[in-house]
Amino acid sequence: MRAYYYMGSIYRDLHDSPHAMQNFLAATGMAEKGQCSDTLMMMKCYSQLMHLYARQLNYEEALNMALRGYETGKRSGMLDPWYVMDVASACMLTGDSIMGLGYMDEAYDMMRRRDERNAFVPTLTVMLAAYSRMGVWAKADSIAGYLQDVPEEKRPYNYDLNFGIYHQSKGNEDAAALHYHQLFENTRRISCKCDAAKGLMLYYQKKGDFRMASEYAEAYQAANDSTIRERQFELTRNALGEYRYQRDKASEEALLLRSERLRLWAVTGFSLCLLAALAFLTYYYYRKKRFYEIIVGLETEIKATRQRLLTDQQKIDEKNRLLREKGKELATLDGRLQEAKEQIKDAEMQLKTTMEQLQQRIAHNNDLMKMLLEGEAKVKEPMTNEELKAVALGKSKMEDWQRLYATVNRMHPDFAAMLQKTCKRLKEPMIQTAYLMQMGLSATEIARVMDAPVQTIWNRLKRLQAALNEKR
């Protein structure tokens, strides 16, 4: 992947955009297929592709590459303000200033959080011009205040240009003209000189100094013509690179096709020779086999016939012996079957006796529990309505459940017997819930009395009601 990246960088410096893009795309393809895990190198490739597509005026694909680099950095936690600004710049090129402003804000906030603005002075100057054009003065003023403290030797080439745009957007024409003069006098870049001359031409035109305006207009025209020639030369070099790329691609395809054809003819010839040799060997061994078969055939057939006769006689004797043994085994199995039937009959009788004893024990236990509930409830003093209401409202606690049992048994004499008959093997919480339900308390009140969750009380009431309804 690194080899593809460095090859693409070399082709980019040679202004061979097609070969540069081919190598950068090959590098990103390896990363996307999982053949390489160098995330930082992958993000650099996407950034280079974004600038190459932008240079070729393919702004949609430039935005696509910038977004891929942004998403890769975000997934890996290695996102840098450079790559966020790539997306913002691509959005501006496509005309989506709102989306570009959002990504620019994200890059600016990231630099402020990390306190890394010293490393991103060129980016901040671009942000200064962009925020000024869109009227976001809070951030533009903050960036301008920071950039004014940057030493002159650390200022980027577009420092004066973007400050001129900032002052011009705020209406400070004199300050803007000062920066444009510095840029015009000091820069060697044709595009920067063109922008500075244009700004000075408009400045002197507004001031009424048409002599200076005409001088800078001539300078602007000359710089603009040079810029146009430079762009045409760049397009010519790109076209030449595209031509060479297509020519090399066609040559490589022709060589590959020729190699494939030679390989195909070689494989075909070898396969035909191998098939001919196999056919000859097959015919030879077939004739040899047939010759031996004819010689040995009769003798083999005679021996085989004798052997079959002996084998058949042995099989007959073996079958007779097996029949006698099977008869003895059948008699033995019949005796065992009769014994098994008798054992099953005895087991059924024992199971029936055990079930009868179990039913008697269950009935006896039920009678004992009924007697226990009724006997204990009768000896306790019943609860008054006021005590029951106080317990239901949570003003007091249920301290003696036997008094509740006594109250319900007095009001409903058959309730204990019915509950014991209907719901066998009840535990103490279920019995308490049943008696509170019989007294007419709601689920919420029962939960308050028993200090239990309401959902638990609901489940108990459902089981009790289901059992009572089933018996009725």
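Computed from heavy atoms alone, side chains included, the values below leave out hydrogens, waters and symmetry copies.
- No hydrogens or angles considered: a donor-acceptor pair under 3.5 Å links the side chains of Tyr70 and Lys74.
- A side chain to side chain donor-acceptor pair (under 3.5 Å) with Ser142 is found for exactly one of Trp137, Tyr131, Tyr108, namely Tyr108.
- In summary, Glu445 and Arg448 do not engage in a salt bridge, as defined by a charged side-chain N under 4.0 Å from a carboxylate O.
- A distance-only check finds a donor-acceptor pair linking the side chain of Ser132 to the backbone of Leu128 [under 3.5 Å].
- For the residue pair Thr72 and Tyr83, no side-chain donor N or O sits within less than 3.5 Å of a side-chain acceptor on the partner.
- Listed by chain and residue number, nothing satisfies the ring-ring contact (aromatic ring centres under 6.0 Å, His included) test with Tyr166 (two or more places apart in sequence, or in another chain).
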- Task: For Met437 and Gln465, run side chain to side chain contact (heavy atoms under 4.5 Å, CB included): C-alpha distance rounded to whole Å, both residues' side-chain angles, the deciding distance at 0.1 Å, then the answer.
- Result: CA-CA 10 Å; Met437 178 188 71; Gln465 290 172 357; 4.2 Å; yes

- Could you please spell out the steps behind the side chain to side chain contact (heavy atoms under 4.5 Å, CB included) verdict for Met450 and Ile457? CA-CA 9 Å; Met450 299 187 70; Ile457 301 302; 4.2 Å; yes

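- Taking the six-membered ring for Trp, Tyr204 and Phe210 have ring centres at least 6.0 Å apart.
- Between Tyr203 and Tyr180, the distance separating the two ring centers is not shorter than 6.0 angstrom.
- Of the charged side-chain nitrogens involved, none lies within less than 4.0 Å of a carboxylate oxygen, so that Asp86 and Arg68 do not count as a salt-bridged pair.
- Within the 3.5 Å criterion, the main-chain N or O of Glu60 finds no donor-acceptor partner in the side chain of Asn64.
- Scanning both residues, Gln182 and Asp160, for their nearest heavy atoms gives OE1-OD1, 3.1 Å.
- Considering only heavy atoms from C-beta on, Tyr53 stays 4.5 Å or farther from Tyr59 through its side chain.
- Lys170 has a carboxylate O that lies under 4.0 Å from a charged side-chain N of Asp141, or vice versa, which qualifies the two as a salt bridge.
- The line from CG of Asn186 to CZ of Arg155 is 11.0 Å long, rounded to the nearest 0.5 Å.
- Here the side chains of Leu67 and Tyr46 are not in contact, with every heavy-atom distance at 4.5 Å or above.
- Annotation: cation-pi geometry not satisfied between Lys198 and Tyr216 (NZ/CZ under 6.0 angstrom from ring centroid, within 45° of ring axis).
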